[in-house]
Every structure is written in C-alpha cells, then in structure tokens.
Amino acid sequence: MKITLPDNSSRELPEGSSGYDLAKDIGPGLAKSAVAVTIDGVQKDLHDEIMTDSSVSIITIDSDEGLEIMRHTLTAQVLARAIKNLYPKSKLAIGPTIEDGFYYDVESEEVISSDDLNKIEEEMKKIIKSKSSITKKLVSKSEAMKVFKSNKEPYKEIIINESDQDDNFQLYYQEDEKFVDLCRGPHLPNLGFIGSFKLTKVSGAYWKGDSNNSMLTRIYGTAFNSDKDLQQHLDNLEEALKRDHRKLGKEMDLFHFQDEAPGMVFWHPYGWNIYKTLQSFIRNKLDKNGYLEINTPQVVDRKLWEASGHWDKYRENMFITEIDEEHANEKRVNALKPMNCPCHVQVYNQGIRSYKDLPIRYAEFGSCHRYEASGTMHGLMRVRGFTQDDGHIFCTQDQIESETALFISLLSEIYSDLGFKEFDIKLSTRPEVRIGSDEVWDKAESALENAIKKLDYPYKVDEGDGAFYGPKLDFVLTDAIGREWQCGTFQADFNLPDRLDAEYVGEDGNKHHPVMIHRAILGSFERFIGILIENYAGKLPFWLAPQQVVIASIVSEVNDYAIEVQELLKDQDVRAEIDLRNEKISYKVRDHSSKKVPIILAIGKKEKIDQTVSVRRIGSNDTEVLDLKEAIKQIKKENSIQH
RNA sequence: GCUCAUAUAGCUCAGCGGUAGAGCACUUGCUUGGUAAGUAAGAGGUCACCGGUUCAAGUCCGGUUAUGAGCUCCA
C-alpha cells in the first residue's frame, strides 16, 4: 500500500504496517521519538494497523500534539490509576487535557484535599517507573458495559450508554492489566515518554458541567516534556500572581473590601484618583463623539422593571428594596438598577422625537448593582456594585451601520490610548429563540458585519450567540501576559423600545420604534481598573498614575527646595508629593518604588545649589540629573501625551 | 449557589488544648545619610462571629459570615 507523507513524498509498506513501522522505515531517530500518528487527518495510536493507501504523519513527543497526548496519557492512565490505588472506592468520571495541563474528575466518599496531592504524585511516579507499555482492545458496546459494570464505574457506563456507536470501544491497558480506562485515544505507546509534571490544585466540578448534577472532585495538574519547561510554566504562574490587582491594590493603597459590603469597593484616595482620571478621559472622548451625558436614578419602582421585562427575567440578580413600614406612608417596592437602559428610554421618551433628531446618543456613568452569586466575586473583576461607561444610541435601522463604524473607531482609539493596541471582535448572530422578523435581523446583522468589513478589522462570527433581542458585537482585548478580557460590547435591541414605547415620527408622518443600541467600551470602571493594574503590573502609565512624582530629600536642609519643586510641578497639574522624612534616600527610593511611583526626584545639597533634580524612573536603576526647568518641561509633556 | 480550603497585630505569616509570637509598618530617641530596608526602645490583638466539648479552647466539634481556588452563572 502507498503511504503519503506530509511533504507529499510516498513510501510503499506492506498492508497492516503501523505508524511505528513507517517511522522505523524513515529513520531510527524518528522511531524513537514517535508517540502516535495522524492517519488521513485522524489521530491514531502508534501501533494501529494501517490497511489501505493513506496519508500519514508521525506525531513525535516534542511536538504540540505529542505533548498533548503525553498529558492525556498522564491523566487517563497514570493519575486515574493512582487515584484508584489510593482511593479504591472512588469512581472515575472524565480526564481531559486542558491548556498547559490536564485534570481528572472523580467521585470520592473520602475528601481529597490539596494536602493529598503530594501523596498522589508519589503514587503516580511509582506507576510511571514501570515504563509499562500501553495496549488497547477494541470491544463491542455490550462488552464495554460488562467491563465497567464489574469494575463498578458508573460514570463510564453512562458514557458508553450515551454513545451512538455500537462497536470499537477502546479499552486501554498497562502491562499488568490491573487498570483499564475507556478512552478515545490515542495514548503514548508506553509510560517512558511521560515528562515532568505537577499536580496543582483540587476543586469541585459538576458532572457534565451541569449545576443540577452531583459535584465531583477535580484534580488539576500540569505537565511538560522537560523540567525546564515545567519550571518555566510555574514561574509564569508566579508572575501572574505578582500582578494580582488585589495584592497590588493593597500594596499601592488603592481600595479595600470588607464583610459588611461584599462585592462593593471602598475606594481609597489613590485608587479613586485612577478612577477619576479614567473617567474624565472617557468623558472627554464621549463629548467629542456626539454623546450627551445624562444621569438617572439608582432606585426605581418595580413597575418600570416589570415593563422592561427585568422583573421577570433578571429579578434573582436584583437588589430589591422596601421602605420601613413604620415610617412609610405608602408601601412600594423598588429595585436598585442593575442596568441603565430602561432609564435611558425614559429620558428619550420625554417629548416627541423626529427622525431628524436621530441618532440620539446618551451616555451615563451608570452606577449599577447586581446580586452576583457569592462564589463568583473576584476583587475588582467581578463585583456587585459597579459603574459602567454605558451608553444607548437611539437610531433608525438605516443608521445602524454608520453607528457601528463610529463606535468601533472610538473604541479602538480608547483602547490604544490605554495601552491595548490589539483587540478581537466577535459577531454574535440570531439565536433560535428571538423576537423580531427575519428581515429585521438580516438587516441588522449585515449592518454590523459591513461596518467591520469596511474598517477592515478581522472578526469571528459566533452563530446563534446573539441576545434574543438583537445581534451584538463583543470586543476582547489581550493583556501584557496574553490573557483575554471581554470589555467592549455593542448590542442592537429591537425589543426594549417597543416594550417601553419609545417612538419617533418618521418622514412618512407615522410613528416608528427606533432601534436602541446598548454599548460600552470599558465595561465597568471597577473591572477595567483591575485589568489595567494587572496589565501594567501596577506600573501605570504616567498620566494614569495616582502619585506621579515624589520629591525625596536626601538631607533635611534641602527640604525647602523640595517643597519649591513640588509647587512648580503642582502648577503644571502634576500629582507631586514630597517625602521629607528623616530616612535615608535608599529607604525612600525603596518605599516609593514598591508603590510604583513613576518618577522619584531625589534632591540633595548639590541639586539645591545647582537648581537641578536627580530623576529616577520606575523600572530603571539609572538616574539622570536634569536642570529643574528642563525636568519640569519633560514631566509636563509626559503628562499630556494621552490628552 | 456548589466543592474544598482559609480567617491570629495596619501588612505578611508562625503558634494547633495550659496566661498571645515574629518580620515589616507605626511612635519616640540616636543618626543628615547620594538612589530598593541605618539603629535602639516603645506601643499595638474579645485570635472573624455564634454555639458546643473540656477543669481549661486561636488551638477540637457544629453553625454563620467573609475570602481564596475551581465549578455553575455573567439575557
């Protein structure tokens, strides 16, 4: 039979040859590092027989595919077996690979906690030491069921039962045949290929990811082909930990949380300073882009939420308020707004709108409250009280495309100014359950799509992921360490204007419902500031930094000069502070460096006499002595780059 | 909301049945020092909250609240 290789060359091999035979035929080095094969695009075990002409490529251990197969074997054959050895009563569920690692879900009567990971790792090492080969048997559905019934593995039975295939269930065994796992394969040919690994954490996870199902114990691990790669990965995790905005927020004295108000931020002066700077930056951009800023109530009668549909669909996430009966002369139920949109429609509805008024772009730094489930909160990233850079555009269907284009260019300008040069766009189209005619959806979807195309941005389409009320665009930015954050959103809405009776008088003299577009660029200030802190590891760009310059005196006799420098900087709207403490300069440098102050100006006798300053920038160990006037000029310039 | 873990001084953490500890930060004294921690002394705690076991509970047990890692959720 004829085997075609990836470089389009071909070889003749006898029928029934395996990938291993092929590798051997090509060269001994390849045979040594081969772990699996791809036959006509499908991954197979290295020793699977090939019966017909096909195109085959060998997967080696050092390839990405090989690494993934190694992780897969590690979890399904080694971790699973180790768990069964240590916890014989446990039931195996599933054990897939994930980015950088793998996990295995098991049901266990005994509690397995992170303290037990060492013990499990040791057991895994014992298993690996055997360097056992891995073989498989192909069995029918009924045989597979029999095997796992006798092994008392109910989750495997469920998996087999729910499968639509009747034959070719793959059972993988190690040499001693004391352990068997059901698996789609492929696996390593033997355990000698297992590299360096570490179990990282243990947590709960629902069977099949459904919160109605029972909670299983999930054991996570990470694995690489070499110790070096593993260490690199662990170092990266540590680096991410160093950037944690909750840790930096404490160190930089930006904000805190406390028990009495879970999920609500107590902003400290420096943190609030970042917030204010960011807000005025956004406000300025919105003003220039035709938005009209408004402000609407926080506490609104349930009647409006009933009319908008939130009372029905969103109530479990709403903070509902009641007025103390003793003091109230009327009983009414209010809710803290979880969204601004219904209130924006109320503003729109005051007065009669003409098609000539459209588009109307309302913006609000809308303070919202949502009752998030307790386990979901996470620092500034997921809170219960937050402020959106929210906006609603009321326009005609024909204006959707031009509004989309305007929005995207505003968004990309803002992201770029904030240091995020690239972002991805995701277009979500009509879901199965939706309102509005197909004709309207056609029009709206193509309006969004055309706008992106004309701006020549790449985008992905997520079929069926739109809201029931209209298609949407999501904007995902990538931070300095490669993590993705969905921030911006642009959602057409055919529903709410109708429900809340928003209308305009058209050219034809008749009343029509406008399209309403919900849009945000940052998402929420709280979350975005969290993202900024982590992206910059606390070292915010000069214009965003809460303390921009600290003037540190080296000896007390120059304190008056330090104050003079501070005043000059303050005159230029620079946030400058002085440090006149009776401490050594190295102490002061350490202190302010750890607080991520962008510029430290050290001042001693020499500087006072020469009317200079010694400039030290965060992230640099060098200092530069500059003429005072020149330094102020430079700092002023730096502060104005983004505005 | 679910699983597991955690909660001790302003911060980071040790203590794990027998009268509460360290480092840093803070206050005071000495020190005026040239770019990431000078030095000595002092002050600082209902050991998250409620209950139980015990002669005796930060310490063991139960509950509550919050936090962390995941899961689920985030029209």
Side-chain angles (χ1 to χ4, degrees), chain A residues 98 103 105 107-108 111-117 200-220 241 244 246-247 250-251 253 256-263 308-310 312-314 316-317 338-339 341 370-379 381-384 386 428 431 433-435 465-470 472 486 489 491 493 495-496 518 523-524 527 552-559 580-595 600-607 614-625:
Chain A
I98 50 175
Y103 65 78
D105 282 349
E107 182 192 294
S108 173
V111 173
I112 302 174
S113 79
S114 52
D115 295 337
D116 302 314
L117 293 181
T200 49
K201 56 198 169 197
V202 44
S203 75
Y206 299 107
W207 168 237
K208 289 188 175 174
D210 185 337
S211 59
N212 295 317
N213 288 343
S214 60
M215 177 69 71
L216 306 172
T217 302
R218 175 171 297 177
I219 296 172
Y220 286 91
L241 227 58
D244 191 316
R246 293 165 301 184
K247 181 175 133 73
K250 217 175 261 177
E251 284 171 12
D253 194 15
H256 84 272
F257 291 91
Q258 63 186 55
D259 288 12
E260 288 82 354
S308 69
H310 288 86
D312 253 4
K313 291 221 167 76
Y314 204 71
E316 61 180 32
N317 284 296
M339 292 175 201
C341 30
R370 295 182 189 170
Y371 184 78
E372 301 288 356
S374 59
T376 60
M377 283 173 311
H378 180 90
M381 302 300 192
R382 187 85 179 265
V383 286
R384 285 179 176 163
F386 56 94
S428 297
V433 182
R434 59 180 184 265
I435 63 137
D465 204 40
F468 74 92
Y469 52 69
K472 65 171 180 175
Q486 197 228 295
T489 186
Q491 314 188 2
D493 186 344
N495 175 52
L496 203 60
H518 309 254
S524 97
R527 180 162 172 273
S553 60
I554 295 170
V555 292
S556 56
E557 64 185 87
V558 301
N559 284 355
L580 308 181
R581 289 177 298 177
N582 177 14
E583 296 290 354
K584 289 198 170 176
I585 190 63
S586 54
Y587 180 92
K588 294 185 185 182
V589 165
R590 177 184 152 84
D591 194 18
H592 299 113
S593 297
S594 68
K595 295 216 159 75
I600 299 171
L601 298 181
I603 287 180
K605 287 181 203 160
K606 233 173 82 193
E607 285 77 7
S614 167
V615 184
R616 186 190 166 108
R617 288 169 186 277
I618 188 90
S620 160
N621 291 325
D622 296 334
T623 59
E624 184 188 13
V625 177

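In the text below, chain A, chain B and the rest are named by the order of the sequence lines, each starting its count at 1.
Residue A:E607 is in base contact, counting any heavy-atom pair closer than 4.0 Å across all strands shown. Contacts of A:R382 with the nucleic acid, taken as non-hydrogen atoms under 4.0 Å apart, include base atoms. Within 4.0 Å of A:K250, counting heavy atoms only, lie sugar-phosphate atoms of the nucleic acid but no base atom. Nucleic acid contact class of A:Y220 (heavy atoms, under 4.0 Å, all strands): sugar-phosphate only. When heavy atoms are screened at a 4.0 angstrom cut-off, A:T623 is found touching base atoms of the nucleic acid.
Closest to the side chain of A:M215, out of B:rC2, B:rC74, B:rA69, is B:rC2. If you check B:rG33, B:rA5, B:rA36 against the side chain of A:I554, the one that comes closest is B:rG33.
Considering only side-chain N and O atoms, A:Y587 lies under 4.0 angstrom from the phosphate OP1 or OP2 of B:rA25.
Between the side chain of A:Y206 and the base of B:rG1, at least one donor-acceptor pair of N or O atoms lies under 3.5 Å.
The same atom, P, is picked in B:rC11 and in B:rC26; the two are 14 Å apart, to the nearest Å.
For the pair A:R384 and A:Y371, the distance from NZ or CZ to the six-membered ring centre is under 6.0 Å and the angle to the ring normal is within 45 degrees.
Residues A:K595 and A:E251 are not paired through a salt bridge, judged by the lack of any N-O separation under 4.0 Å between the basic side chain and the carboxylate.
Here the side chains of A:R370 and A:M339 are in contact, with some heavy-atom distance below 4.5 Å.
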